[in-house]
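Structure first, commentary second.
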Amino acid sequence: MTARPSSPPNGKKWKVAVLGATGAVGQTFIRLLTDHPWFELAEVAASERSASKKYRDAARWLEGLLPEDVAEMEVRSCNASDISAPIVFSALDASVAGEIEQAFARAGKFVLSNAKNFRMDPDVPLVIPEVNADHLGLIERQRRQRGWDGAIITNANCAATVAAVALAPLHERFGVEKLFMTTMQAVSGAGYPGVASLDILGNVIPYIADEEPKVEREMRKLLGTFENGGVTNAPFEVSAQTNRVAVEHGHTICIAASFNERPTPEQALETLRAWKGAESTWSLPSRPESPLVVTDSADRPQPRRDVNAGDGMTVTVGRVRDDSILDLRMVALGHNTIRGAAGGSVLNAELLAATGKLPPA
Ligand SMILES: NC(=O)c1ccc[n+]([C@@H]2O[C@H](COP(=O)([O-])OP(=O)(O)OC[C@H]3O[C@@H](n4cnc5c(N)ncnc54)[C@H](OP(=O)(O)O)[C@@H]3O)[C@@H](O)[C@H]2O)c1
């Protein structure tokens, strides 16, 4: 793996802001951006309920220590004119992300979005850098079509992200033909305060609003190909069943798939183990040593034991075996607020920086 540069590509850190900074994903952004080698967290913003308060009074900090400098920041409102940073990480609720993110892109900002609103637009990149870095090519088309100087770059639904990393190596080599996925998704995926404790403790909820269609359509775009200035969705059929379980962090996904060319479990394991992801990501600061690891333990991956692999950026796959109806089955696990949200967004921004797509710092 290429050595990671500790200083930014042009020698100066980019100032960045976080929108929706008080929520579960917003807080993860703050943790990941504190002491980031290329980005400096300059501003935090949230709803009018939080605006003008000190961050420590507006947010109920969920994990670890709240960095003192962030605690003292004044929370801004999500108006593009109130934010000076050229790069904006958005952890906004989908009910408001649409209008706000567009306004920021129109004002010339690069918006790294976690919301569902623009993911499937044909001129908006839906990116997992190791899987489909070339989809960033859509930015030019987006700017031309929408007539704005900024850009919206999205990362995928957290469950789709985990499944796409696990399947990318197999899709590249054998071509996914049919896909069944059953998810067991952590409570932090529902944000804060999220699901009421009496609904989820000792329980499984076999429904997450709007999640199944999101996972199904995003999988095809994520594993699609960038050609002639657009993304052609991968042609496989996909069926997803999504469940909320009493786990704090980490989405576990049982996957069964058939392929254009049937791999043996040994071939699948060898392919998964050899995969390094797009070379353009190898030296990015948030890129884990291995975006995908395979466990040999019969009873893993497990959220408690594996969710923090690669500081939350590594997807762990196990139980790769023949399937009695389709070709192959396996279990994948990844951290929903890190790989599936804030960490994925930060990696997208690093890729933009490393490929010269960001405005000067
Ligand atoms: N949690 C995950 O694992 C995950 C994974 C992938 C993607 N996502 C997506 O990421 C986004 C954030 O999710 P989350 O789980 O962090 O949600 P959350 O905990 O509910 O946080 C929502 C954030 O949006 C802000 N907000 C709400 N209404 C607003 C308004 N009218 N104007 C400005 N800001 C407003 C809130 O600010 P206040 O505190 O001021 O209300 C808060 O900072 C969502 O789009 C979600 O679908 C989440």
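Whatever order the structure lists them in is the order used to number ligands and atoms, beginning at 1.
Nearest protein neighbour of atom 20 (O) of ligand 1, counting heavy atoms only, is Y192 O, 3.8 Å. Of the protein's non-hydrogen atoms, S47 CB, 4.2 Å is the one closest to atom 26 (N) of ligand 1. For atom 41 (O) of ligand 1, the closest non-hydrogen atom of the protein is R49 NH2, 2.7 Å. In this structure, atom 25 (C) of ligand 1 lies nearest to the protein heavy atom G20 CA, 4.1 Å. Looking only at protein heavy atoms, the nearest one to atom 24 (O) of ligand 1 is D93 N, 3.5 Å.
Near T22, with a cut-off below 4.0 Å to any heavy atom, the atoms of ligand 1 are 36 (C), 37 (O), 38 (P), 39 (O), 40 (O), 42 (C), 43 (O). Taking a cut-off of under 4.0 Å to the non-hydrogen atoms of A341, the atoms of ligand 1 that pass are 5 (C), 6 (C). Of all the atoms in ligand 1, the ones that sit under 4.0 Å from a non-hydrogen atom of N114 are 7 (C), 8 (N), 9 (C), 10 (O). Listed by atom number, the atoms of ligand 1 under 4.0 Å from S188 heavy atoms are 1 (N), 2 (C), 3 (O). Atom numbering of ligand 1 starts at 1 in the shown order; those under 4.0 Å from a heavy atom of G191 are 14 (P), 15 (O), 17 (O), 19 (O). Per-residue contacts place G340 under 4.0 angstrom from the following atoms of ligand 1 (heavy atoms of the residue considered): 5 (C), 6 (C). For ligand 1, the atoms lying closer than 4.0 Å to a non-hydrogen atom of N336 are 3 (O), 5 (C). Here is the list of ligand 1 atoms found below 4.0 Å of a heavy atom in A115: 45 (O).
Here E270 does not pair with R273 in a salt bridge; the nearest charged N to carboxylate O distance is not below 4.0 Å. R262 and D323 are not joined by a salt bridge, as no carboxylate oxygen comes within less than 4.0 angstrom of a charged side-chain nitrogen. Using a cut-off of 4.0 Å between Lys/Arg side-chain N and Asp/Glu carboxylate O, E68 and R56 are scored as salt-bridged. The existence of a salt bridge linking R31 and D311 is excluded, since no basic side-chain nitrogen approaches an acidic carboxylate oxygen closer than 4.0 Å. Looking at K116 and D210, a side-chain N of the basic residue comes within less than 4.0 Å of a carboxylate O on the acidic one, giving a salt bridge.
In this structure, T252 OG1 and L333 CG are separated by 4.5 Å, a value rounded to the nearest 0.5 Å. Rounded to the nearest 0.5 Å, atoms OH (Y192) and CD (Q27) are 9.0 Å apart. Summarising the geometry, atom NZ belonging to K357 is positioned 7.0 Å from atom CG belonging to L351; distances are rounded to the nearest 0.5 Å.
Every N/O-N/O distance between K116 and ligand 1 stays at or above 3.5 Å. In terms of polar-atom proximity, V96 is not counted as a contact of ligand 1, lacking any N or O under 3.5 Å from an N or O of the ligand. Taking distance alone, with nitrogen or oxygen atoms compared against 3.5 Å, N157 stays at or beyond that limit from ligand 1. Close N/O approach between G23 and ligand 1 is found [any backbone or side-chain N/O within under 3.5 Å]. Considering backbone and side-chain atoms together, H251 places no N or O closer than 3.5 Å to any N or O of ligand 1. Backbone and side-chain nitrogen or oxygen atoms of E48 are examined, and none is located within less than 3.5 angstrom of a nitrogen or oxygen of ligand 1. When only interatomic distances are considered, the shortest N/O to N/O separation between I100 and ligand 1 does not fall below 3.5 Å.
Using a distance-only test at 3.5 Å, with no hydrogens or angles considered, a donor-acceptor pair links the side chain of Q142 to the main chain of I152.
Between F39 and F89, the angle of the ring planes goes over 60°, which puts this pair in the perpendicular group of the 30/60° scheme. Between F174 and F259, the ring planes are perpendicular. Angles over 60° get that label, and only those under 30° would be called parallel.
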Any chance you could lay out the side-chain hydrogen bond (donor to acceptor under 3.5 Å, both in side chains) test for N157 and E211, step after step, and finish with the verdict?
CA-CA 8 Å; N157 166 275; E211 193 80 347; 2.9 Å; yes

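When all heavy atoms are compared, the tightest approach of S290 to T314 is O-OG1, 2.7 Å.
Of the heavy atoms in A45, none comes closer than 4.0 Å to ligand 1.
Among A51, S50, A91, the residue whose heavy atom lies nearest to atom 12 (C) of ligand 1 is A91. Nearest to atom 11 (C) of ligand 1 by heavy atom, out of L92, V25, V18, is L92.
Put simply, L167 and L269 are part of the same group of oily side chains (I, L, V, M, F, W, Y) that touch within less than 4.5 Å, one to the next.
Atom 37 (O) of ligand 1 lies below 4.0 Å from at least one non-hydrogen atom of the protein.
The shortest heavy-atom distance from A94 to ligand 1 is under 4.0 Å.
Considering S52, S50, S47 in turn, S50 is the only one that fulfils the side-chain contact (heavy atoms from CB on, under 4.5 Å) rule with V75.
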